[in-house]
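Quick note on labels: first sequence line is chain A, next is B, and so on, each numbered from 1.
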Protein chains: 2
Amino acid sequence: MFSKATEYALRATIYIAQKGSEENKLGINEIAEAIGSPRSFTAKIMQLLTRDHRVVSAVRGPNGGFYISEKSKNLPVRAILEAMGEEHVLDKCVMGLKLCSEKQPCPMHSKYKIIRKQLIKLFVVKTIRQLSSEIKDGVVFIHQGKKGKKI
Amino acid sequence: MFSKATEYALRATIYIAQKGSEENKLGINEIAEAIGSPRSFTAKIMQLLTRDHRVVSAVRGPNGGFYISEKSKNLPVRAILEAMGEEHVLDKCVMGLKLCSEKQPCPMHSKYKIIRKQLIKLFVVKTIRQLSSEIKDGVVFIHQGKKGKKI
DNA sequence: ATATTTATGGATAATTTTGTCTCTAATTCT
DNA sequence: AGAATTAGAGACAAAATTATCCATAAATAT
Ligand code: FES
Ligand code: FES
């Protein structure tokens, strides 16, 4: 559904929201290891998430690293997709027509639109905070290591 | 959601099902133009759909071309995904975990699984015949040309 | 038989995505 | 001020996807 980059972005953001804070920032090494993603590629992805403190914040130097402000934790998960420039995935025609619309719908449109509506809603109503708290509460994973790495 | 290749496969298959028959086979040129896809690439995709007469059938020579048997029209749309080797897309973890499961679910799993269930159902219950008949009945498009190319 | 038509198969090219590496900039600590 | 630490930025490399081209095989028509 999403690109690898966006999948890593989702996992990294939720991980930082749950494990980090402004007082306890997380380094790129820890993040990449925790979510099971290639380190350097993840660093590049973080640059997209941090520009203008869009979703994630970053500070350089000793004790620096990444964190998410309490305010940003209230952003919908969709904000991550937007930062990655992949929010369109939710609006795309499932059969690849240039434009999904009622005017010129593809053969799957009438059925698919009902499903997509729920999908869009999921990404809009769920906040970063809510997803990260799920990790705290129950048995939820952000990476599956050898024996499954629960955080 | 799907690769370009699979999107073309979906459109091509539905188009052939609606416009063609064993008596009136369709050539690759007509198909590619009708669905708005690159001709040569589409030819490659047809090879995946036609091996073992999996979904589409093909015959060479004059008056040759592609068609879909009445039997194959009863296949679920999912059969197209399978021929393209992309059926896994429907089963994938939305956050990119190696395995989507109840044992080690990602933070979005509990909500997403409900949506995915409907998505899978859509591809399983809808047949190629049903989709192509929708084109016949109503105002449904398989390609959006200059002014929208209805077929 | 020969020419014509149409899909098939293989090689190759272009583009996008994924991933790495290194040097630089900012920050902190001593 | 200088050393250490951490993210940022850019060039680069590898892999996957998308796309093109051409020679070949099969079928038909003459
Ligand atoms: S037009 Fe295809 S999903 Fe809306
Ligand atoms: S584990 Fe992520 S969707 Fe099921």
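Annotation: side chain of A/D91 is in contact with side chain of A/I120 (closest heavy-atom distance under 4.5 Å). For the pair A/L97 and A/Q104, the minimum side-chain heavy-atom distance is 4.5 Å or more.
Remark: A/N63 is not in phosphate contact with D/dA4, judged by side-chain N or O atoms under 4.0 Å from OP1 or OP2. Checking the phosphate oxygens (OP1, OP2) of D/dA7, no side-chain nitrogen or oxygen of A/T50 falls inside 4.0 Å. Between B/Y8 and the phosphate of D/dA19, there is a side-chain N or O to OP1/OP2 separation shorter than 4.0 Å.
Atom CZ in A/F41 sits roughly 15 Å away from atom P in C/dT16 (whole-Å rounding). Across the protein-nucleic acid pair, B/I28 atom CD1 and D/dC21 atom C1' stand 15 Å apart, rounded to whole Å. Regarding A/M46, its CE atom lies at a distance of 16 Å from the C1' atom of D/dA9, rounded to whole Å. The distance between atom CG of A/N24 and atom P of D/dT6, rounded to the nearest whole Å, is 12 Å. In this structure, CD of B/E30 is placed 17 Å from P of C/dT5, rounded to the nearest angstrom. The distance from atom NZ of B/K25 to atom P of C/dT5 is 17 Å, rounded to the nearest whole Å. Atom CG of B/L48 and atom P of C/dG9 are 10 Å apart (whole Å). Across the protein-nucleic acid pair, A/I31 atom CD1 and D/dA7 atom C1' stand 11 Å apart, rounded to whole Å.
A ring-centre distance under 6.0 Å is found for B/F2 and B/F123.
When each of A/S40 and B/L26 is assigned the nucleotide of DNA chain C bearing its nearest heavy atom, the one mapping closer to the 5' terminus is B/L26. Mapping B/A43 and A/P38 onto DNA chain C by nearest heavy atom places B/A43 closer to the 5' end of the strand. Between A/G64 and A/K44, the residue whose closest nucleotide on DNA chain D is further toward the 5' end is A/G64.
Under 3.5 Å, the side chain of A/Q47 and the base of D/dA9 form at least one donor-acceptor pair of N or O atoms.
Under a 4.0 Å N-O distance rule, the pair A/E33/A/R39 does not qualify as a salt bridge.
Taking both residues in full, the closest heavy atoms of B/V140 and B/E134 are given as CG2-O, 3.9 Å, listed atom of the first, atom of the second, then distance.
As judged by a 4.0 angstrom heavy-atom cut-off over every strand, A/S3 is placed among residues touching the sugar-phosphate backbone only.
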